[in-house]
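Here is the structure we will look at.
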Amino acid sequence: MPVIPGGRELRQMIEIAMQDRAPEMHARLSKNGLLKQEIENRVLIAREAHEMASSRSRSTIQANPDPVFLVQAAKMNRAYQESWSQALELAIDFPREESDLEETE
């Protein structure tokens, strides 16, 4: 089962993803002193997206409870994990870079 990242881990994941997926963006933000703020913005986006998704899932599951406690707990856990996956995908969705656009032309 995937581990839900804490604050420091989430920041590291976002920065590593940016270095890997958008190195020009990472270099530009770092050079301009804006990297930390961009990472913090993406942490907030991830946390808000997770909260909204998990709240929706919780409401849906609670509206249709399973009589078997372990099944209900498994559904809640799966929904929680899926909401984090979606939130992380959103946080590391970087714009295409110039070099990416040149390669496709």
Side-chain angles (χ1 to χ4, degrees):
M1 175 178 5
V3 175
I4 305 303
R8 184 178 339 146
E9 293 85 5
L10 183 55
R11 286 175 188 81
Q12 289 173 340
M13 289 171 68
I14 292 169
E15 183 168 5
I16 290 168
M18 188 186 299
Q19 288 171 331
D20 183 52
R21 295 178 175 192
E24 294 169 12
M25 178 182 182
H26 184 275
R28 185 179 67 253
L29 291 171
S30 183
K31 180 181 176 184
N32 295 332
L34 301 172
L35 180 61
K36 184 176 179 179
Q37 185 58 48
E38 178 67 22
I39 291 171
E40 290 303 318
N41 289 343
R42 290 177 179 273
V43 166
L44 288 174
I45 288 168
R47 294 201 183 282
E48 289 172 3
H50 164 66
E51 184 55 39
M52 288 189 322
S54 63
S55 178
R56 279 192 308 267
S57 296
R58 212 172 20 254
S59 296
T60 301
I61 292 168
Q62 289 172 346
N64 303 300
D66 195 292
V68 179
F69 174 76
L70 291 177
V71 172
Q72 183 76 5
K75 287 180 181 178
M76 292 292 282
N77 187 44
R78 187 171 38 254
Y80 188 77
Q81 296 293 334
E82 288 173 6
S83 67
W84 261 118
S85 292
Q86 293 169 2
L88 290 174
E89 286 176 27
L90 182 63
I92 61 173
D93 182 26
F94 303 107
R96 293 190 67 173
E97 297 195 332
E98 296 289 327
S99 59
D100 292 341
L101 296 174
E102 291 170 5
E103 290 175 11
T104 59
E105 293 177 353

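Because only heavy atoms are used, hydrogens play no part in the values below, and waters and symmetry mates are left out as well, while side chains stay in.
A donor-acceptor pair is defined here as one N or O able to donate and one able to accept, closer than 3.5 Å; such a pair exists between the side chain of Asn32 and the backbone of Arg28. Looking at Glu9, its side chain does come within 3.5 Å of a backbone N or O of Gly6 through a donor-acceptor pair.
Applying the side-chain hydrogen bond (donor to acceptor under 3.5 Å, both in side chains) rule to Ser54 yields no partners; only residues at least two apart in sequence or on another chain are considered. For Ala22, the side chain to side chain contact (heavy atoms under 4.5 Å, CB included) partners are Met18, Met25, Phe94, Glu97, not counting sequence neighbours. For Asp66, the side chain to side chain contact (heavy atoms under 4.5 Å, CB included) partners at least two apart in sequence or on another chain are Val68, Val71, Gln72, Lys75. Every residue was checked against the salt bridge (Lys or Arg N to Asp or Glu O under 4.0 Å) condition with Glu15, not counting sequence neighbours, and none meets it. Every residue two or more places apart in sequence or in another chain was checked for a side-chain hydrogen bond (donor to acceptor under 3.5 Å, both in side chains) with Gln62, and none qualifies. Residues that satisfy the side-chain hydrogen bond (donor to acceptor under 3.5 Å, both in side chains) test with Asp93, not counting sequence neighbours, are absent from this structure. For Glu51, the salt bridge (Lys or Arg N to Asp or Glu O under 4.0 Å) partners at least two apart in sequence or on another chain are Arg58. Applying the salt bridge (Lys or Arg N to Asp or Glu O under 4.0 Å) criterion to Arg11, with sequence neighbours excluded, gives Glu40.
One finds the CG atom of Leu10 at 12.5 Å from the CZ atom of Arg8 (value rounded to the nearest 0.5 Å).
When all heavy atoms of Ala91 and Arg42 are compared, the pair lying nearest together is O-NH1, 2.9 Å. A pairwise comparison of heavy atoms in Ala17 and Ile92 identifies CB-CG2, 3.5 Å as the closest pair. His50 and Ala87 make their closest contact through N-CB, 3.7 Å (heavy atoms, listed as atom of the first residue, atom of the second, distance).
Grouped by direct or indirect side-chain proximity (heavy atoms under 4.5 Å, Ile/Leu/Val/Met/Phe/Trp/Tyr only), Met76 sits with Ile61. When hydrophobic side chains of Ile, Leu, Val, Met, Phe, Trp and Tyr are connected at separations under 4.5 Å, Ile45 ends up clustered with Leu90.
Follow the hydrophobic side-chain contacts under 4.5 Å out from Leu34 and you reach Ile14 in the same cluster.
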The test is side chain to side chain contact (heavy atoms under 4.5 Å, CB included); show your working for Glu89 and Trp84 and say whether it passes. CA-CA 8 Å; Glu89 286 176 27; Trp84 261 118; over 6 Å; no
